[in-house]
Peer 1: 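One structure, as structure tokens, below. Some questions next.
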Amino acid sequence: MNEVLMREIARIAEVAGYLWAKGWAERNGGNISVNVTALMSEEEKKRPAIAPAVSLPEAMTALAGHIFYVTGTGKRMRYVAQAPFANGSLIRIADDGLSYEIIAEEAIAPTSELPSHLLMHNYLRAKGRDNKVVLHTHPTDLIGMTHCKPLIQSEVITRLLWSMIPECRIIVPKGIGIVPYEIPGTVELAHATIKQLEKHDVVFWEKHGILAVGEDIIECFDAIDTLGKSAQIYFSARMAGYEPEGMTDEQLDGLVPAFGLDKIE
Ligand code: 2HA
Ligand code: ZN
């Protein structure tokens, strides 16, 4: 594997370590996929498969020939951090988009959420977005918020988390999408998430976890981390016995021109 690819794998391992250190990755909680096609030479892209092709539930036509690093099924983030290729794999999507092959040295089966990760990558690429990363994790405070019915609406939770600290409005400019509870790993969960990705880069899965998409794994982590900071400020204030005031609409709107953000209603 070339040096550029290995540098990206090291960044993925770095983030896997943060997920564990943050307490967001109990047991095998969470999963990561990163499109690494642009980091491989033509020669490397043709690496032979080391296991039979596995079919996909839908044709991933926008991903034909693309190569992904994906965390392994049942694998723990704390070990992905230490040994990314013993706890994850490189897969190549077939030219018809209907199957994938493992092209790493070890045959580590991809995450149970692979079909849903690929559906998201496929959707975003088909839309012309240069998406590279799908990151799913289980941040305690943010999941806690999804158990509160009055909070779990896109505008309400976005407004609340944005208003705890100016960075949140800046780092998560498209706000938060909400997906009502679905069984983990299902295509239904993937399709409901894709609908939210039309408008948002971060989606909360009710009573389960958070999913972020983007061009860079560190930036995806930073978005979730910043939302987690806002949630901690909110809960700390509530635990101290008061409702935090939050930034006013005027204060939030003041960030839009100052940081060149798109205004969303
Ligand atoms: O990988 O988090 O959603 C385990 C999960 C499934
Ligand atoms: Zn999960």
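Both counts, for ligands and for their atoms, begin at 1 and track the order of listing. Bear in mind the structure is a predicted one, so any value in this text is a computation, not a measurement.
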Peer 1: Do any protein N, O or S atoms sit under 2.8 Å from the Zn ion (ligand 2), and which ones are they?
Peer 2: His136 NE2, His138 NE2, His208 NE2
Peer 1: For a quick test of reading the model, state the closest non-hydrogen atom pair linking Ile108 to Ala86 and the distance between them.
Peer 2: CD1-O, 3.4 Å
Peer 1: If only atom types and distance count, is the side chain of Thr158 paired as donor or acceptor with the main-chain N or O of Ile176 below 3.5 Å?
Peer 2: yes
Peer 1: Please name all residues satisfying ring-ring contact (aromatic ring centres under 6.0 Å, His included) with His66, sequence neighbours left out, ordered by chain then number.
Peer 2: none
Peer 1: Aromatic rings His121 and His117: how do their planes relate, parallel, tilted or perpendicular, breaks at 30° and 60°?
Peer 2: tilted
Peer 1: Going by ring-ring contact (aromatic ring centres under 6.0 Å, His included), name the residues that satisfy it together with Tyr18, two or more places apart in sequence or in a different chain.
Peer 2: Phe221
Peer 1: Can you confirm whether Glu26 is buried at CD, in the sense that more than 12 heavy atoms of other residues, nucleotides or ligands lie under 6.0 Å from that atom?
Peer 2: yes
Peer 1: I'd like to know if Glu105 pairs up with Arg47 as an ion pair, taking the criterion as any Lys NZ or Arg NE/NH1/NH2 lying under 4.0 Å from an Asp or Glu carboxylate oxygen.
Peer 2: yes
Peer 1: Kindly check if the number of other-residue, nucleotide or ligand heavy atoms within 6.0 Å of CD (Glu250) is above 12?
Peer 2: no
Peer 1: May I ask you to decide if Asn2's main-chain N or O and Glu44's side chain share a donor-acceptor pair within less than 3.5 Å?
Peer 2: yes
Peer 1: Sort out the contact shell of ligand 1: every protein residue with a heavy-atom distance below 4.0 Å, listed by chain and number.
Peer 2: Asn28, Gly29, Gly30, Asn31, Glu113, His136, His138, His208
